[in-house]
A.B. asks: 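Before I ask anything, here is the structure I am working with.
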Amino acid sequence: MTREAEPPPVESVPEGKYVYCIIETSEPRSFGPMGIGGRKDEVYTVHHKGLAAVVSNSPLVVYDPTRENVFTHEQVNETVMREFTVLPMAFGALFRTEEDIVELIRGTYDALRDVLAKMEGKVEFGLKVNWDRDKVTAELEEKDDEIRHLKEQITSRTTGSTYFARMQLGRLIETALTDQADAYIREVYSQLRDTAVASRANKPIGDRMIMNAAFLIERDREAEFDQKVKEIASKYEGKLAFKYTGPWPPYNFVHIRLKLERGEDRGEGPAIERGEGVTEPVRQLSNVSN
């Protein structure tokens with residue numbers, strides 16, 4: 001009787017700790033079973049001298065920035081943010097042991113304290129501004145004398161090549177569009193500057209978006225900032241579409257990255273730089289279009 005071959009044993013993946021953010025607290029905390037990886041591991045704190053990392057157990061695997069994984073990472077940070085000032089870690093920060101996490105905090109302690117003090121009582125809001133490029137182009141063709149005149153020349157020609165004239169028209173329109181977008185962006189910043197602690201311009205996405213910015217706001221000025229956004233959205237109703245999201249942890253203003261040197265897991269201090277992979281639909285103002 002032939003004996004069936006047994007399947008090879010499945011190698012177990014070693015366990016580690018996934019770190020979401022750094023907060024200031026000496027009291028052990030638990031934030032519920034919401035850890036990354038689909039297992040719903042408990043999210044809790046690991047402490048050192050008044051600071052704490054918010055962590056959950058996790059297999060030591062490389063997490064792809066899928067929508068589900070990024071959402072979980074952000075959801076944990078947003079939950080913690082309801083009670084604490086949060087310094088978000090870069091997505092995918094894994095450590096082997098709690099002792100390694102304590103070593104990170106110990107080695108960057110002064111820098112973490114300094115950034116926490118600067119971020120105390122502040123939250124981030126995102127603002128994206130879109131326009132109808134074709135509609136704006138049509139308006140420019142009506143209002144800009146040079147563009148209108150050149151277009152009329154091209155339209156009225158019945159013979160001869162219009163290739164170079166069309167090339168010139170295209171360049172004029174692109175320049176005019178850029179100037180108009182810059183004027184709108186300057187106006188938005190000028191309206192919001194006084195209520196923001198800082199701002200960060202990110203790269204627009206697609207042809208419709210002309211502005212993709214993050215603003216750092218004092219919590220006690222949140223209503224004032226909301227009102228300013230409403231006012232400018234109302235001013236440009238029909239011309240610009242404003243997508244306003246937040247409040248968020250300061251993803252665009254604090255981003256703790258871990259740099260590996262010579263194959264050793266050694267965390268280098270927190271850097272204030274642009275965050276990535278932030279999801280969006282927390283809040284939208286009723287008079288601001290999607």
Side-chain angles (χ1 to χ4, degrees), residues 74 78 81 121-152 155 166 168-253 274-290:
E74 307 300 351
E78 289 157 27
M81 187 188 74
K122 300 177 182 69
V123 291
E124 177 181 316
F125 285 88
L127 182 63
K128 292 179 171 65
V129 181
N130 295 280
W131 69 1
D132 187 328
R133 183 183 174 91
D134 293 337
K135 184 177 180 180
V136 176
T137 300
E139 291 177 356
L140 290 171
E141 290 173 350
E142 290 294 323
K143 296 178 180 179
D144 190 292
D145 291 339
E146 188 176 7
I147 292 175
R148 186 176 67 254
H149 180 66
L150 184 57
K151 187 176 181 182
E152 288 172 352
T155 304
R166 292 183 183 279
Q168 183 182 0
L169 178 63
R171 287 193 293 268
L172 286 174
I173 291 174
E174 284 300 319
T175 299
L177 284 170
T178 299
D179 291 344
Q180 183 64 72
D182 289 345
Y184 283 143
I185 292 168
R186 286 194 299 270
E187 175 70 11
V188 172
Y189 275 116
S190 67
Q191 291 288 324
L192 301 178
R193 185 177 295 116
D194 291 342
T195 52
V197 176
S199 62
R200 173 67 54 96
N202 295 320
K203 185 178 179 180
I205 305 167
D207 291 337
R208 285 175 46 81
M209 188 181 297
I210 63 172
M211 180 176 174
N212 181 11
F215 293 87
L216 190 66
I217 309 297
E218 297 276 2
R219 280 186 181 272
D220 59 6
R221 301 192 72 180
E222 185 178 324
E224 184 181 356
F225 187 78
D226 285 351
Q227 184 59 35
K228 288 285 187 181
V229 174
K230 289 179 181 179
E231 290 173 2
I232 197 166
S234 176
K235 178 179 179 179
Y236 290 113
E237 186 174 0
K239 292 185 177 181
L240 302 176
F242 289 72
K243 186 176 182 181
Y244 175 51
T245 60
W248 304 104
Y251 296 116
N252 280 271
F253 301 93
R274 186 176 67 84
E276 297 176 352
V278 182
T279 55
E280 298 201 336
V282 170
R283 179 177 70 179
Q284 281 208 211
L285 301 180
S286 57
N287 73 329
V288 179
S289 61
N290 291 325

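Quick note: numbers below take in every heavy atom, side chains included, and nothing from hydrogens, waters or symmetry partners. Residues: numbered from 1 along the sequence shown.
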A.B. asks: Considering residues at least two apart in sequence or located in another chain, which fulfil the side-chain contact (heavy atoms from CB on, under 4.5 Å) criterion with K239?
C.D. replies: Y184
A.B. asks: Measure across Y189 and A201 and return the closest heavy-atom pair with its distance rounded to 0.1 Å.
C.D. replies: OH-CB, 3.5 Å
A.B. asks: Taking all non-hydrogen atoms of both residues into account, name the closest pair between M81 and R219 and its distance.
C.D. replies: O-NH2, 3.2 Å
A.B. asks: Can a donor-acceptor pair be found, under 3.5 Å and without considering hydrogens, that links the side chain of N212 to the backbone of K128?
C.D. replies: no
A.B. asks: Return the minimal non-hydrogen interatomic distance between F215 and L192, and the atom names on each side.
C.D. replies: CZ-CD1, 3.7 Å
A.B. asks: Around atom CG of D207, are there more than 12 heavy atoms of other residues, nucleotides or ligands at under 6.0 Å?
C.D. replies: no
A.B. asks: CD/E124 to CZ/F253 distance, rounded to the nearest 0.5 angstrom?
C.D. replies: 5.5 Å
A.B. asks: Between atom CD of E74 and atom OH of Y251, what is the distance when rounded to the nearest 0.5 Å?
C.D. replies: 3.5 Å
A.B. asks: Name all residues meeting the salt bridge (Lys or Arg N to Asp or Glu O under 4.0 Å) criterion together with K235; count only those two or more places apart in sequence or in a different chain, and write none if there are none.
C.D. replies: E187
A.B. asks: Are any of the side-chain heavy atoms of Y236 and F242 separated by less than 4.5 Å?
C.D. replies: yes
A.B. asks: Minimum heavy-atom separation for A181 and W131, please, with both atom names.
C.D. replies: CB-CH2, 3.7 Å
A.B. asks: Which atoms form the tightest heavy-atom contact between V188 and I232, and what is the distance?
C.D. replies: CA-CD1, 3.3 Å
A.B. asks: Test of understanding: with salt bridge (Lys or Arg N to Asp or Glu O under 4.0 Å), list the residues that count as partners of E237, not counting sequence neighbours.
C.D. replies: none
A.B. asks: Let me confirm one number: the CG-CD1 distance from N130 to I210, rounded to the nearest 0.5 Å.
C.D. replies: 8.0 Å
A.B. asks: For A183, enumerate each residue passing the side-chain contact (heavy atoms from CB on, under 4.5 Å) test, keeping only those at least two apart in sequence or located in another chain.
C.D. replies: Q180, R186
A.B. asks: Just how far is it from atom CZ of R208 to atom CG of D132, taken to the nearest 0.5 Å?
C.D. replies: 6.0 Å
A.B. asks: Can you name the side-chain contact (heavy atoms from CB on, under 4.5 Å) partners of T195, sequence neighbours left out?
C.D. replies: R221, E224, F225, K228
A.B. asks: To check you understand the geometry: which heavy-atom pair defines the closest contact between G238 and K135, and what is its length?
C.D. replies: O-NZ, 2.9 Å
A.B. asks: Is the shortest side-chain heavy-atom distance between P249 and E78 below 4.5 Å?
C.D. replies: yes
